[in-house]
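Residue numbers start from 1 in every chain, and the chains themselves are labelled A, B, ... in the order their sequence lines are given, proteins ahead of strands.
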Protein chains: 2
Amino acid sequence: MEKHTATKLFESLSSGVRLDIYRLLVKCGQDGMVAGQIAATLDLPPNNVSFHLKGMNHAGLVTVEQEGRFQRYRANLPQMLELIAYLTEECCAGHPEQCFDQTPGACCPEAALPPISTTPSES
Amino acid sequence: MEKHTATKLFESLSSGVRLDIYRLLVKCGQDGMVAGQIAATLDLPPNNVSFHLKGMNHAGLVTVEQEGRFQRYRANLPQMLELIAYLTEECCAGHPEQCFDQTPGACCPEAALPPISTTPSES
DNA sequence: TCAATACTACAAGAATTATTGAAATATAGT
DNA sequence: ACTATATTTCAATAATTCTTGTAGTATTGA
């Protein structure tokens, strides 16, 4: 996953409104919900919900499918799993459990070095 | 986890700079990194990194520990696990695997109902 | 005490984002 | 074709965020 994709996904979840929408869709799983139903459930103006859904869809956080005059939205769960994997893919070479060990250097031997040699000082 | 906590965490990851910082810290696990080392590694102005680290720490995404005149930052992995759990805690009653089933109504029986009865129309 | 280093705090600017209301588009049923 | 419903688009304002430069605080070592 590219960094830009990840930041867009996180940005989509950084608003209370969008987080509510997403969790509602996660709750509904493959059933999804249509836009008006989402707005009614969360007691929000439909145009505001539409605004956020558009952004979430663009980010890849949700998918949309037309059903007549309804737009059915679903949480994009596979994308979320990829996002989580991206977040931890370099974590202890793919074994994030080790990160909870207290052993220094277990995950990142380079970082166990003293925190020096960071000032090139070209003068 | 409260919604506000979750949105703050996601907001912390919605910037390319902060995402880079976090992934770097995840990579280093319990070893962590000191602020200056983070700035040097990512080739960013130290005050900008400090600005973002402060926000990330306030959000609970990272922890900080003083080491003499160094500030050592670490990714708050347990918090991230809680965040992921929060995102999926209502997903199919705690069994998100089911969300990938194509069976309608398996996760959210209520949503399988027709998308009507959303317009109270008080006139 | 003095100087150097590591980091943080503050202020100012541009840039982005959120919310609302009104209008527009598209589908369904008559 | 006409009306009602479902959703989106547009415009405008308010609010927030990002970045940089400068100054300040705290620790280390001579």
CD of B:Gln37 versus P of C:dA6: gap in Å, rounded? 11 Å
What is the distance, to the nearest angstrom, from the CG atom on A:Leu53 to the C1' atom on D:dT9? 14 Å
How bent is the helix from C:dA14-D:dT17 to C:dT30-D:dA1, measuring the angle between the end axes built from five pairs each, rounded to 10°? 30°
Kindly write out the residues that satisfy side chain to side chain contact (heavy atoms under 4.5 Å, CB included) with B:Ala75, not counting sequence neighbours, or none if the list is empty. B:Tyr22, B:Leu25, B:Val26, B:Leu77
Results of side chain to side chain donor-acceptor pair (under 3.5 Å) for A:Lys3 - residues two or more places apart only: B:Asp20
Under the side chain to side chain contact (heavy atoms under 4.5 Å, CB included) test, residues paired with A:Ser14 that sit two or more places apart: A:Glu11, A:Arg18, B:Phe10, B:Glu11
Strictly under 3.5 Å: I want the nitrogen or oxygen pairs between protein and nucleotides 23-25 of chain D, one per line.
none

Answer with yes or no whether the hydrophobic clustering places A:Val64 together with A:Leu9; edges join I, L, V, M, F, W, Y residues whose side-chain heavy atoms lie under 4.5 Å apart. yes
May I have the distance from B:Asn57 (atom CG) to C:dC7 (atom P), rounded to whole angstrom? 14 Å
Looking only at heavy atoms, which two atoms of B:His4 and B:Thr7 are closest? And how far apart? O-OG1, 2.9 Å
Inter-residue atom distance A:Ser50.OG - A:Ile38.CD1, 0.5 Å rounding: 10.0 Å
If a pair satisfies salt bridge (charged side-chain N to carboxylate O under 4.0 Å, His left out) and one of its residues is in residues 47-61 of chain B, list it, with sequence neighbours excluded. none
B:Phe10 CZ to C:dT17 P, straight-line distance once rounded to whole Å: 18 Å
Does a nitrogen or oxygen in the side chain of A:Tyr73 sit under 4.0 Å from OP1 or OP2 of D:dA6? no
Would you say A:Gln66 has more than 12 foreign heavy atoms packed within less than 6.0 Å of its CD? yes
By side chain to side chain donor-acceptor pair (under 3.5 Å), which residues pair with A:Asn48, not counting sequence neighbours? A:His52
Pairs touching residues 74-85 of chain A that satisfy side-chain hydrogen bond (donor to acceptor under 3.5 Å, both in side chains), sequence neighbours left out: A:Glu65-A:Arg74
Tell me: NZ of A:Lys54 to P of C:dT25, nearest whole Å? 15 Å
Expected string for nucleotides 14-20 of chain D under the B/S/- scheme (protein heavy atoms, under 4.0 Å, primed atoms plus P, OP1, OP2 as sugar-phosphate) is ---SSBS
Closest approach of A:Leu53 to A:Ala35 (non-hydrogen atoms, all atoms of both residues): CD1-CB, 4.2 Å
Tabulate below the donor-acceptor pairs under 3.5 Å that side-chain atoms of residues 55-63 of chain A make, not counting sequence neighbours, or state none.
none

Following the transitive rule for hydrophobic clusters with a side-chain heavy-atom cut-off under 4.5 Å over Ile, Leu, Val, Met, Phe, Trp and Tyr, establish whether A:Phe51 and A:Met33 coincide in one cluster. no
Between the protein and nucleotides 27-30 of chain C, list the N/O to N/O atom pairs that are separated by less than 3.5 angstrom.
none

Round to the nearest Å and state the distance from B:Phe70 atom CZ to D:dG29 atom C1'. 13 Å
Could you give the CE-to-C1' distance, from B:Met33 to C:dC7, as a whole number of Å? 15 Å
